[in-house]
Amino acid sequence: VAAGSPALVADLVFDLPLRRSFSYRVPPGLALRPGQRVAARLQGRLRVGVVVAVGPEGGAAGAPASLAAIERVLEPAPLVGPAGLELARWAAAESLSSLGATLAAWLPPPPRAAPAAVAPPGASPSRQPATTELWCGPGRGEALERELAGGPGAGLVIAPDGETAGAWAGRLDAARLDAAAPDRWQAWLAVVRGRRRLAVGTRSALLLPLPPPATLALLDEQDAAHKPPGAPRLHSRDLLRRRVQLEGGRLLLLAGAPSVESWWEARQGRARLVEGAAAPGRAEVVAAPTRGILRNHPLTLPLTAALRDALRRGGRIALVAHRRAPALGCDDCGAVPRCPDCGVALAYERTAAKLGCRLCGHREPAPASCPRCRGRRLAQLGWGPERVVAAVARRFPQAVVASATDAARAPRADVLVGTTALLRRLPPGGLDAVGIVALDDLLRLPDFRAAERAFQLLWTAVEATRPAGRVVVQTLHPDHYALRAAQTADRARFYDDELRFREELGYPPFRRLCLLRVSGADPGAARRLLEDCRAALGGVAGLVVYPPAPAGAGPARRPRLACLVKGPRELPALLAGPLGPLLDRPRRAGAVVEVEMDPVDFA
Ligand SMILES: [Zn+2]
Ligand SMILES: [Zn+2]
């Protein structure tokens, strides 16, 4: 550094639940840029920090003499450009979380040794127009492959899980960026430097800089895996939408039965719906009533017949079974006790003999008989995959029956038994038949998205089955609108009904939800912290703050309580002020609060 040139101060953020940055002195001779990672001491410990700003001393940074110095640089160039940092800032603000934790979830692990100098991502690419398309027709996967392989622009495919990412990386001969990739850091740089045109990853790759013109694709956009717990606490779809708003580019959302949110966006003209050519044929969807049957056996006569026919032809069958819904249902009439205010199934708390609403906290004693038909068969039914495998193997001893998350793991099985994810990983049209063991297990999830999940499962089942094949749906609700729409292949009909329900009861996309979840070794402290949060939000116009309710399964020694907040589109901004002091105060031993914006999983 030439004599007289000013010493520099860098602001760093760390992978900690702290919503602020820390200033450090930049040692002479060190060239730093925002987006670069460095090692620096914080509270006596050497940690990885990301540079978010660099400037001359004496700026906003305060007294430079008292500042600690950055110890060393972890990589010679920033991994993200200004646009990536802006997206991360938006995501942190929108989810009321730490910028450092948000960035840490998005950047590949740093290399062990500092490598040779590399070129940084382009400073500010010329702005491209932004477009969003919702691809839901048959053959959309092949169309995406053709589109990206044909080039010439850069492309990034985001898959719901590592296995799908791996398969797509092979399909496109693309750089692989999910957690199972051999060297994410090298793959990331290969794309940044333009040595690889296409990349595939999971949501940890969302920030990968791409030269324009770029195409971003989200596979199975409706999948809850695109919003797992933890930072960054936003749905991959919303992050990608924001990304194309900020830097332009083309966003392709792929799903046979899209999320209600995406369908609504398309209906409002904010995304172009691409339904493609109609499939040449379509599997028949048959409803099989289960009255009195599922207590004893997972197979109705129509499903038994479908299995027998398919096995005789040498075809393959998939059976979809779910873990038991935490709600009660009547085995005679199909009635499910629901929350009078929220319309969702009430969760059964066996030890307390109560029914509770996971959304609003409403509780009532568990009835001894069915409230509709007075029958005594009110129970928590459910056939997990293992029980189904055993029952089918007994009924068809000559068949090879396997429980599988992935068909590749059971290549010789005649009957595959698994959850919804199994169907999604099968090639389209490859099955002779699909059996949905208990659609009602999905319909009675204590979640306002229960009908959407059921419709998506049915649509996926039809797509996985050959055109002349059969999808047998075991249910006590053969007239349910999700099933009717699947039988007639009428997407619009389902979304019209579902959107009416969402609007009436104030659910997304009409209102926005946020779950405040507290946990702690001391239940009293956790409850007080949640009460502090609720008190802080009292009186904020436009918000509905519900009473505390138990928050699903947590570790046994750390009971969790949650409270739901409903509000308008600008919900994060309304919460940030009042909740800020509670989020930023030092973590007390007793309890912590987590903010889950736009939650997707209530079960
Ligand atoms: Zn009943
Ligand atoms: Zn309720």
Side-chain angles (χ1 to χ4, degrees), residues 287-296 300 324-349 352-382 438-453 474-480 483 498 500-508 510-517 530 533-534 537 543-552 560-567 571 596 598-603:
T290 54
R291 182 173 173 158
I293 290 174
L294 285 186
R295 308 170 66 82
N296 308 312
T300 55
R324 188 155 76 171
L328 295 180
C330 174
D331 191 30
D332 287 323
C333 75
V336 175
R338 290 179 180 273
C339 175
D341 296 323
C342 307
V344 302
L346 293 167
Y348 179 47
E349 302 161 21
K354 288 216 186 284
L355 299 176
C357 176
R358 292 266 170 93
L359 300 187
C360 74
H362 164 88
R363 287 179 100 213
E364 58 184 63
S369 58
C370 171
R372 192 200 287 161
C373 74
R374 298 285 148 213
R376 302 222 141 246
R377 289 178 169 183
L378 197 62
Q380 234 182 332
L381 289 180
L439 186 71
D440 301 355
D441 279 347
L442 270 189
L443 292 176
R444 68 170 79 148
L445 283 178
D447 184 337
F448 67 89
R449 288 191 177 89
E452 178 185 334
R453 297 273 177 257
Q474 303 196 135
T475 179
L476 284 166
H477 301 278
D479 294 321
H480 193 281
L483 180 51
E498 182 65 13
R500 205 170 305 124
F501 158 74
R502 301 277 181 100
E503 187 164 25
E504 263 168 34
L505 291 177
Y507 289 121
F510 301 99
R511 300 276 282 165
R512 214 162 160 190
L513 302 180
C514 173
L515 207 53
L516 302 177
R517 202 183 280 127
L530 192 58
C533 293
R534 299 184 63 240
L537 296 176
L543 298 189
V544 181
V545 183
Y546 289 93
R560 299 203 302 181
L561 267 180
C563 130
L564 189 74
V565 182
K566 231 183 227 186
L571 182 59
E596 188 75 41
D598 312 320
V600 295
D601 194 359
F602 293 88

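Order of appearance sets the numbers: ligands from 1, and atoms from 1 within every ligand. Here the structure is a predicted model, which means the values were calculated and not measured.
Here Cys357 contributes SG and Cys360 contributes SG, and at the Zn ion (ligand 2) these two atoms make an angle of 110°, given to 10°. Geometry about the Zn ion (ligand 1) gives an angle of 110° between SG of Cys370 and SG of Cys333, rounded in steps of 10 degrees.
A salt bridge is absent between Glu503 and Arg511: the closest approach of a Lys/Arg side-chain nitrogen to an acidic carboxylate oxygen does not fall below 4.0 angstrom. Using a 4.0 Å cut-off between charged side-chain N and carboxylate O, Arg500 and Glu504 make no salt bridge. Looking at Arg291 and Asp331, no side-chain N of the basic residue comes within less than 4.0 Å of a carboxylate O on the acidic one, giving no salt bridge.
The side-chain heavy atoms of Leu513 and Leu571, taken from C-beta on, include no pair separated by under 4.5 Å.
Among the backbone and side-chain atoms of Cys339, an N/O/S atom is found under 2.8 Å from the Zn ion (ligand 2).
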